[in-house]
Chemist: 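Could you have a look at this structure, given as C-alpha cells, before my questions?
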Amino acid sequence: MLIEIALKSSYFHQIAICDDHLMSIKVPRFVKRTPQSLTQFSNWKASELLSWLLFYSIPILKGVLDTNYYSHYCLLVVGLHILLGDKITQQSLDLAEHCLQQFYLKYSELYGIESTTMNVHLLSHLVMYTRAWKPLWTTSCFPFEGMNGVLRKHFHGTREIPLQLANNFAMLPQLQYKQLTKTMMKGRSAAPVYVIGANVQDSLSTDELDKMKEYCHSELQVDYDKEMSAVTLHSRAIVNGTMYHSTLYNCKATKRNNYTVAYQMDEQVQFGTVKSFLSLTIASKTSPVILCAIKPLRPHQSRAATTTTTISSMEVNAYLLKTFKCVSEKDEFIYIEAERLISLCVSITVQEKQLQCVVLPPNGYEFIN
C-alpha cells in the first residue's frame, strides 16, 4: 500500500535511482527471490514485499523519501523487525508497541484518511497478538504457501491425487535416510563444519601464509612447520547446515552474495567478507581444522539509517543503528575458525551516499539459510 501510494505521488522522487540501487543488490540464499524493479511492483510476491520492508528499503529510501515520511516509515520497519525476532524482551516489545501505535496514529495525517484501511488499523494490534501467541513467524502463513509448491511436485495428472500424495510422502523418509547415509559415507554430515567442492588451485601469498602460521601458533597451539601435513584452499564450506561461499566462488553466482557474513569475535557479533576457506590437516588432530579468511567490515560513525523527527525516539534510532549496520571494508584480513560463522547477511551498497549496510535476518526460523 505504501509503495503504491509513493509511486503515484510527489512523496517519492528519484524512483529511477532507487530502482538502480535495488537491482544492484545481490541477496544471500535465505532470500528466495532476487529483487525485481519497482516498476514491476504489481508483480511482486509477498516474500519480495517482506524483503523490501526488512532489508532493502531503509538504506535505499534515506534521502529519497521526504524526511517526515521516512521517519514515519522507519517506525513500521522497527516494529515489525522486533515482532519477527527469535528473542523478544519485554523492553523491545514495548518499543514495538510504541512504534506501531505511532505509525497508525500518524498514517492518516500523512497519507489521508481514505488510505487508512483495515490492514493499517490491524498493525496497532500486532503486539497484542505477539503477547498472546509469541513472535509473528510462529503464526506465519509463508510455510504453508511454500508447502503448496512441495505438494504440487508429488502428484502427476488428475486421477487419485490424494492417494498419489499419500504414497509419495510415505516414501520420503526412506529416501531421505538413504541420502543421509550416502552423505555420511562421504564423511560430511558427521562434522558440523566441512568444505565442499574441489580444491582451489590458487596458492597462498607470503602474507597469508605468515598470518596462518601465527594463527596456528597463538589460537590452535600448533607448530606449523612440525605438525602441518597439508593445507588445501576451498571456495565453499557448510557450517552448521548453512552453505557459505567465498569471493573465490562468486564468479559462478553472479546474482547472489553468500559471502557477506556475521561471525563471533571477542563475544561480539562482527561482520566481514569471506575470502576463502582453508582445510588444515594437522598431525596431532583427528579431523581437519577448517579456517575462514575474512576481510572485516568495520562499523563507522554514520547516522545514515536514523530518523530526526519528533515522532521517533532515541530508542528507535538506537534500534535502527543496531539493525542496519553501516560498515566499510578494511584493506586487511584475519583468520577465524569457520565454526564461528553465525549467519549470512544482506549487504546493500548505495554508492551516491557512500554507504554500505549489512542486515541480519530477524530470525533463523523463517529465514533459513
Side-chain angles (χ1 to χ4, degrees), residues 28-30 183-184 186-253 256-299 327 329-345 347 358 360 364 369:
R29 60 191 304 112
F30 65 74
T183 305
M184 289 181 70
K186 294 181 179 180
R188 292 183 173 180
S189 291
V193 181
Y194 54 91
V195 292
I196 60 175
N199 301 349
V200 178
Q201 298 302 314
D202 291 2
S203 58
L204 296 177
S205 67
T206 303
D207 185 37
E208 289 172 330
L209 188 59
D210 289 342
K211 283 195 174 184
M212 186 177 64
K213 288 182 178 180
E214 180 182 349
Y215 184 89
C216 288
H217 177 73
S218 61
E219 299 294 332
L220 303 179
Q221 284 77 52
V222 168
D223 188 323
Y224 180 90
D225 296 321
K226 294 181 179 179
E227 298 187 58
M228 194 65 62
S229 301
V231 177
T232 55
L233 196 64
H234 298 265
S235 60
R236 293 177 294 164
I238 291 182
V239 181
N240 297 322
T242 297
M243 182 186 293
Y244 295 89
H245 294 177
S246 68
T247 52
L248 294 176
Y249 188 79
N250 186 47
C251 59
K252 299 181 181 180
R256 294 281 176 175
N257 174 349
N258 294 312
Y259 51 82
T260 300
V261 299
Y263 61 95
Q264 194 79 23
M265 177 68 73
D266 299 327
E267 299 184 353
Q268 292 185 340
V269 177
Q270 308 283 352
F271 299 92
T273 302
V274 178
K275 288 185 59 183
S276 62
F277 294 96
L278 287 85
S279 179
L280 311 183
T281 304
I282 301 171
S284 60
K285 297 185 180 294
T286 56
S287 59
V289 175
I290 311 301
L291 296 186
C292 177
I294 284 186
K295 293 192 76 172
L297 296 171
R298 302 299 187 194
V327 296
E329 190 173 78
K330 298 296 183 182
D331 190 20
E332 60 183 39
F333 72 94
I334 60 172
Y335 284 110
I336 63 169
E337 290 185 67
E339 61 190 23
R340 292 190 183 181
L341 296 177
I342 299 172
S343 174
L344 296 170
C345 302
S347 176
V358 288
L360 276 169
N369 289 315

Chemist: Go through the structure and list residues passing side chain to side chain contact (heavy atoms under 4.5 Å, CB included) with S284, not counting sequence neighbours.
Modeler: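 Per chain and number, S284 pairs via side chain to side chain contact (heavy atoms under 4.5 Å, CB included) with E227, I282.
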Chemist: Any side-chain heavy atom of T242 sitting closer than 4.5 Å to one from F30?
Modeler: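 T242 vs F30: side chains apart.
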Chemist: Atom CE in M212, atom CD in E219: separation rounded to 0.5 Å?
Modeler: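 Separation between the atoms: 14.5 Å.
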Chemist: Salt bridge (charged side-chain N to carboxylate O under 4.0 Å, His left out): which pairs involve residues 261-271, sequence neighbours left out?
Modeler: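 For residues 261-271: none.
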Chemist: Any heavy-atom pair between the side chains of V239 and I290 that's under 4.5 Å?
Modeler: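 Counting from C-beta outward, I290 and V239 never come under 4.5 Å.
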Chemist: Do L209 and Y224 come close enough that some side-chain heavy atom pair is under 4.5 Å?
Modeler: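 Side chain of L209 against side chain of Y224, heavy atoms only: contact under 4.5 Å found.
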Chemist: K211: which residues meet the side chain to side chain donor-acceptor pair (under 3.5 Å) condition with it, sequence neighbours left out?
Modeler: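 Here no residue qualifies.
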Chemist: Can you find a heavy atom in the side chain of Q270 that is under 4.5 Å from one in the side chain of R340?
Modeler: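 No, side chains not in contact.
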Chemist: Is any side-chain heavy atom of T260 less than 4.5 Å from a side-chain heavy atom of F271?
Modeler: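 In short, these two side chains do not touch, never coming nearer than 4.5 Å.
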Chemist: Measure the CG-OH distance between L280 and Y335 for me, rounded to the nearest 0.5 Å.
Modeler: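 Reported to 0.5 Å precision, the distance equals 9.0 Å.
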Chemist: Please name all residues satisfying salt bridge (charged side-chain N to carboxylate O under 4.0 Å, His left out) with E214, sequence neighbours left out, ordered by chain then number.
Modeler: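 Applying salt bridge (charged side-chain N to carboxylate O under 4.0 Å, His left out) to E214 gives none.
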Chemist: If we only count heavy atoms from C-beta on, is the K295 to T247 side-chain gap below 4.5 Å?
Modeler: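 They are not in side-chain contact.
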Chemist: Can you check side chain to side chain contact (heavy atoms under 4.5 Å, CB included) on E337 and L291, steps first, answer last?
Modeler: CA-CA 4 Å; E337 290 185 67; L291 296 186; 4.0 Å; yes
Chemist: Does some side-chain heavy atom of V274 sit less than 4.5 Å from a side-chain heavy atom of Y249?
Modeler: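 Side-chain contact under 4.5 Å: no.
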Chemist: Suppose we screen for side chain to side chain contact (heavy atoms under 4.5 Å, CB included). Which residues come up paired with T232, at least two apart in sequence or across chains?
Modeler: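 Applying side chain to side chain contact (heavy atoms under 4.5 Å, CB included) to T232 gives N199, H234, S279.
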Chemist: A side-chain contact here means heavy atoms from C-beta on lying under 4.5 Å apart; do P28 and Y244 qualify?
Modeler: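 Result no, sub-4.5 Å side-chain heavy-atom pair not found.
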Chemist: For S205, enumerate each residue passing the side chain to side chain contact (heavy atoms under 4.5 Å, CB included) test, keeping only those at least two apart in sequence or located in another chain.
Modeler: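 Once residues adjacent in sequence are excluded, the partners of S205 under the side chain to side chain contact (heavy atoms under 4.5 Å, CB included) criterion are D207, E208.
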Chemist: How far apart are the C-alpha atoms of K275 and I294, what are their side-chain angles, what is the distance that settles it, and do they pass the side chain to side chain contact (heavy atoms under 4.5 Å, CB included) test?
Modeler: CA-CA 6 Å; K275 288 185 59 183; I294 284 186; over 6 Å; no
Chemist: Before you tell me yes or no, could you show the steps for V193 and L341 under side chain to side chain contact (heavy atoms under 4.5 Å, CB included), namely the whole-Å CA-CA distance, both residues' side-chain angles and the distance that decides it to 0.1 Å?
Modeler: CA-CA 10 Å; V193 181; L341 296 177; over 6 Å; no
Chemist: Is it the case that the side chain of N258 and the backbone of H245 share a donor-acceptor pair, with hydrogens and angles ignored and the cut-off at 3.5 Å?
Modeler: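 Such a contact is absent between N258 side chain and H245 backbone.
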Chemist: What distance do E329 atom CD and L297 atom CG have between them, rounded to the nearest 0.5 Å?
Modeler: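 So the gap between those two atoms works out to 6.0 Å.
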